[in-house]
Amino acid sequence: MKKYITTAIPYVNGDPHIGHAMDYCLADVYARYLKMKGNEVRVQAGTDEHGSKIYQKAEELGISVDEYVKQNSDKFKEFIAKLNVKYTDFIRTTDPEHERRCQEIWRRISDHIYKAEYEGWYCTGCERFITDKEVSENNGICPDHQKAYEKLSEENYYLRISDYKERIIEAISSGELLILPEFRKKEILKLIEDSPDVSVSRPRSHLPWGVEVPNDPEQVMYVWMDALSNYITVLGYPDVDISDYWPAEAQFVGKDILRFHAIIWPAILLALNLPLPKTIVSHGFVLADGQKMSKSIGNVVNPVEVLEKHGTDAFRYYFLRHIDTFSDSDFTWDKFEKAYNNELANDLGNLVQRLATLISKNDVEIKLVGLGLDDEFSKLMNKFEFSKAFDYTWGKVQDINKKIDEEKPWVLAKNGETEKLEKVLNELANSLVSVNKMLSPFLPATSKKIASVFEEGEITPPREPLFPKQ
RNA sequence: CGCGGGGUAGAGCAGCCUGGUAGCUCGUUUGGCUCAUAACCAAAAGGUCGCUAGUUCAAAUCUAGCCCCCGCAACCA
């Protein structure tokens with residue numbers, strides 16, 4: 001089977017942060033799992049490079065926008081590589097092919113787009129429209145710029161969400177378009193009901209850096225139009241038949257951008273007469289000590305620092321097991337260190353060491369029977385309950401440690417019970433190899449090392465501990 | 001009364017739908033073991049299950065009211 005998985009494309013006005021890592025890791029785990037099941041999997045990644053903020057930032061830095069976005073896009077590529085996340089397709093929204101395809105998409109859905117006047121409060125400092133609520137909260141004055149908001153009107157294009165509202169609501173509530181977790185689905189369903197038509201363009205004067213609206217050089221596409229399209233333009237749409245891979249098996253997004261993916265995106269797809277993605281998985285935020293990470297509080301955890309501390313798999317371990325797949329969870333250095341030492345080093349690393357030693361010391365021949373994937377594990381993975389699946393897998397790791405203590409192979413060896421010893425160690429080795437399969441989507445490098453110890457000829461303990469204690 | 005989620009051992013959570021000895025992981029203490037990265041295994045301590053009332057032989061679980069926390073309400077992963 002051919003499957004397609006997408007990640008959200010980050011806006012490149014800053015460095016990669018820990019939230020981006022969540023997206024990549026989750027998508028990667030699912031992709032590796034599907035591959036293990038024998039599917040042909042395509043994984044998209046990319047960068048969102050249009051919009052006025054980027055334009056401004058480049059100007060501030062005194063470099064060309066092209067150069068600025070290229071630099072930042074490369075940073076993300078590097079970051080993804082550091083996470084050992086594999087993608088098959090990388091898209092940059094400033095890629096001319098993408099821009100052309102976007103315009104073609106616009107043409108194809110133009111029956112559902114109309115032009116209208118938009119009037120609202122505008123801050124010339126922020127260069128954006130401000131919601132009525134925000135205006136009243138700030139008493140009509142922008143706190144960042146100490147300037148009064150101005151009433152401004154402009155002509156924009158609108159996407160008629162109302163044409164598809166019923167259809168989208170139906171698809172989401174029936175599960176045809178599955179939104180995970182359930183509580184987000186409820187939120188979205190409520191949100192769609194009240195969703196007005198969406199503005200999908202800006203006058204070029206406000207948004208100089210973007211994709212031009214076909215047949216209207218004065219208007220530029222709203223970044224979400226351009227960004228959402230990436231999921232199919234990267235496959236070659238509309239030049240190429242994408243039906244092998246579209247609809248996507250799963251689209252991974254942060255909870256903050258779920259609404260665009262669950263409202264605007266389905267509307268665009270329906271207007272194009274394309275099927276809706278099968279699943280949108282919305283993950284939570286990583287909190288630092290219970291608080292949202294923010295530059296002003298100064299509690300931002302640098303993902304690269306975490307990666308470098310104990311390596312990629314330790315990073316993946318913490319973020320895939322101790323950060324819940326769906327809800328917000330905490331990162332603290334203390335928890336990370338504990339997880340590394342007590343779980344990775346003691347439970348798993350030590351298990352590999354002791355079992356390999358037992359086998360090699362006693363010169364026991366191991367026959368691998370090639371067990372299939374655990375049903376319970378598959379069940380959890382199919383529901384995108386990755387942290388629970390990982391928990392389950394870890395329970396199996398601990399079971400093997402327990403079993404070793406119960407069977408006491410060292411006693412069997414001492415008493416010369418070779419037959420029993422052989423049987424016990426074979427059972428244990430087979431269990432570990434089968435658990436290792438479950439580990440492989442989560443900890444690919446570690447899993448490879450374990451496989452090389454137990455599945456490639458003579459078994460000798462790894463020369464270097466898998467996870468050296470610190 | 002905007003919508004939604006939640007309040008269970010020091011921490012993080014499960015159990016609630018389908019009432020019946022309050023459970024898991026980490027941490028703490030004690031014991032066991034020696035194959036192993038002083039790792040592993042076992043046991044113990046620790047909870048008025050937010051508060052109040054109701055239904056019931058029996059409520060963490062069902063009902064009602066109240067208190068508190070959090071998420072969402074258009075561009076912040």
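Each chain gets a letter, A, B and so on, in the order its sequence line appears, and its residues count up from 1.
- A/S162 is linked by a side-chain hydrogen bond (donor to acceptor under 3.5 Å, both in side chains) to A/D197, counting only residues two or more places apart in sequence or in another chain.
- The listed nucleotides are B/rC41, B/rC75, B/rA36; the one nearest the side chain of A/W224 is B/rC75.
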Item to check | Per-nucleotide protein contact string for nucleotides 28-34 of chain B (B base, S sugar-phosphate only, - none; heavy atom under 4.0 Å) | outcome: ----BSS
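- If you check every strand for non-hydrogen atoms under 4.0 Å, A/F260 touches sugar and phosphate atoms only.
- Of the candidates B/rC75, B/rU37, B/rC41, B/rC75 carries the atom nearest the A/R202 side chain, counting heavy atoms from C-beta on.
- Separating the NZ atom of A/K186 from the C1' atom of B/rA73 is a distance of 18 Å, rounded to the nearest angstrom.
- Across all strands shown, A/A345 has heavy atoms under 4.0 Å from base atoms, whether or not it also approaches the sugar-phosphate.
- Between A/K388 and B/rC13 there is no side-chain N or O to OP1 or OP2 distance below 4.0 Å.
- A/S195 comes within contact range of at least one nucleobase, with a heavy-atom separation under 4.0 Å.
- As a whole-Å value, the separation of A/I263 CD1 from B/rC72 C1' is 11 Å.
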Using a 3.5 Å cut-off and no angle test, enumerate the donor-acceptor pairs between side-chain atoms of residues 400-412 of chain A and protein atoms at least two apart in sequence or in another chain.
{"unit_1": "A/N401", "atom_1": "OD1", "unit_2": "A/R354", "atom_2": "NH1", "d": "2.8"}
{"unit_1": "A/N401", "atom_1": "ND2", "unit_2": "A/D347", "atom_2": "O", "d": "3.2"}
{"unit_1": "A/D405", "atom_1": "OD1", "unit_2": "A/R354", "atom_2": "NH2", "d": "3.1"}
{"unit_1": "A/K408", "atom_1": "NZ", "unit_2": "A/D405", "atom_2": "O", "d": "3.1"}

Give me, pair by pair, the N or O atoms of the protein and of nucleotides 69-71 of chain B that are less than 3.5 Å apart, along with how far apart they are.
{"unit_1": "B/rG71", "atom_1": "O2'", "unit_2": "A/R184", "atom_2": "NH1", "d": "3.1"}

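- Relative to the ring axis of A/F90, A/K77 places its NZ or CZ within 45° and under 6.0 Å from the centre.
- Across all strands shown, A/G254 has heavy atoms under 4.0 Å from sugar-phosphate atoms exclusively, and none from any base.
- Counting non-hydrogen atoms under 4.0 angstrom, A/L466 reaches a base of the nucleic acid.
- For A/E155, the salt bridge (charged side-chain N to carboxylate O under 4.0 Å, His left out) partners two or more places apart in sequence, or in a different chain, are A/K115.
- Applying the salt bridge (Lys or Arg N to Asp or Glu O under 4.0 Å) test to residues at least two apart or on different chains, the pairs with a partner in residues 12-28 of chain A are A/D15-A/K75, A/D28-A/R32, A/D28-A/R316.
- Contacts of A/H20 with the nucleic acid, taken as non-hydrogen atoms under 4.0 Å apart, involve only primed sugar atoms and P, OP1 or OP2.
- At B/rC72, none of the side-chain N or O atoms of A/K190 fall inside 4.0 Å of OP1 or OP2 (strictly under the cut-off).
- Salt-bridge annotation for A/E212 and A/R204: present, with a side-chain N of the basic residue lying under 4.0 Å from a carboxylate O of the acidic one.
- For A/N156 and B/rC75, the CG to P distance is 15 Å, given to the nearest whole Å.
- Residue pairs meeting the side-chain hydrogen bond (donor to acceptor under 3.5 Å, both in side chains) criterion with at least one member in residues 411-424 of chain A: none, sequence neighbours excluded.
- Considering only side-chain atoms of A/K469, the nucleotide from B/rC76, B/rC75, B/rU37 that sits closest is B/rU37.
- Counting to the nearest Å, the C1' atom of B/rA42 and the NZ atom of A/K402 are 10 Å from each other.
- Each of A/I459, A/V424, A/L358, A/L425 was checked for a side-chain contact (heavy atoms from CB on, under 4.5 Å) with A/V364, and the lone residue meeting it is A/L425.
- In this view, A/D89 and A/R42 satisfy the salt bridge (charged side-chain N to carboxylate O under 4.0 Å, His left out) rule, not counting sequence neighbours.
- Side-chain N/O atoms of A/N350 and base N/O atoms of B/rA36 include a donor-acceptor pair closer than 3.5 Å.
- Within a 6.0 Å sphere centred on CZ of A/F285, other residues, nucleotides and ligands contribute more than 12 heavy atoms.
- Remark: P of B/rA77 and CZ of A/R259 are 13 Å apart, rounded to the nearest angstrom.
- As rounded to whole Å, 12 Å separates atom C1' of B/rG2 from atom CD of A/E193.
- Put simply, the residue from A/W394, A/F386, A/F467 that forms a ring pair (Phe, Tyr, Trp, His ring centres under 6.0 Å) with A/Y317 is A/W394.
- Put simply, A/K361 has a side-chain N or O that comes within less than 4.0 Å of OP1 or OP2 on B/rA36.
- Helical stems of RNA chain B (runs of at least 3 Watson-Crick or G-U pairs, donor-acceptor distances under 3.5 Å) are listed by first residue: B:2-7 with B:67-72, B:10-13 with B:23-26, B:28-32 with B:40-44, B:50-54 with B:62-66.
- B/rC57 and B/rG19: their C1' atoms are spaced 12 Å apart (whole Å).
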List, with names and distances, any nitrogen or oxygen atoms from the protein found under 3.5 Å away from nitrogen or oxygen atoms belonging to nucleotides 22-27 of chain B.
{"unit_1": "B/rG27", "atom_1": "OP1", "unit_2": "A/N342", "atom_2": "ND2", "d": "2.6"}

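- Remark: the separation of the P atoms in B/rG12 and B/rA58 is 34 Å, to the nearest Å.
- For the pairing with A/H20, the ring pair (Phe, Tyr, Trp, His ring centres under 6.0 Å) check across A/F79, A/F252, A/F76 returns one residue only, A/F76.
- Counting any heavy atom pair closer than 4.0 Å across all strands shown, A/V352 reaches no nucleic acid atom.
- Listed by chain and residue number, A/K335 satisfy the salt bridge (charged side-chain N to carboxylate O under 4.0 Å, His left out) test with A/D330 (two or more places apart in sequence, or in another chain).
- Residues passing the salt bridge (charged side-chain N to carboxylate O under 4.0 Å, His left out) test with A/D328 are A/K255, sequence neighbours excluded.
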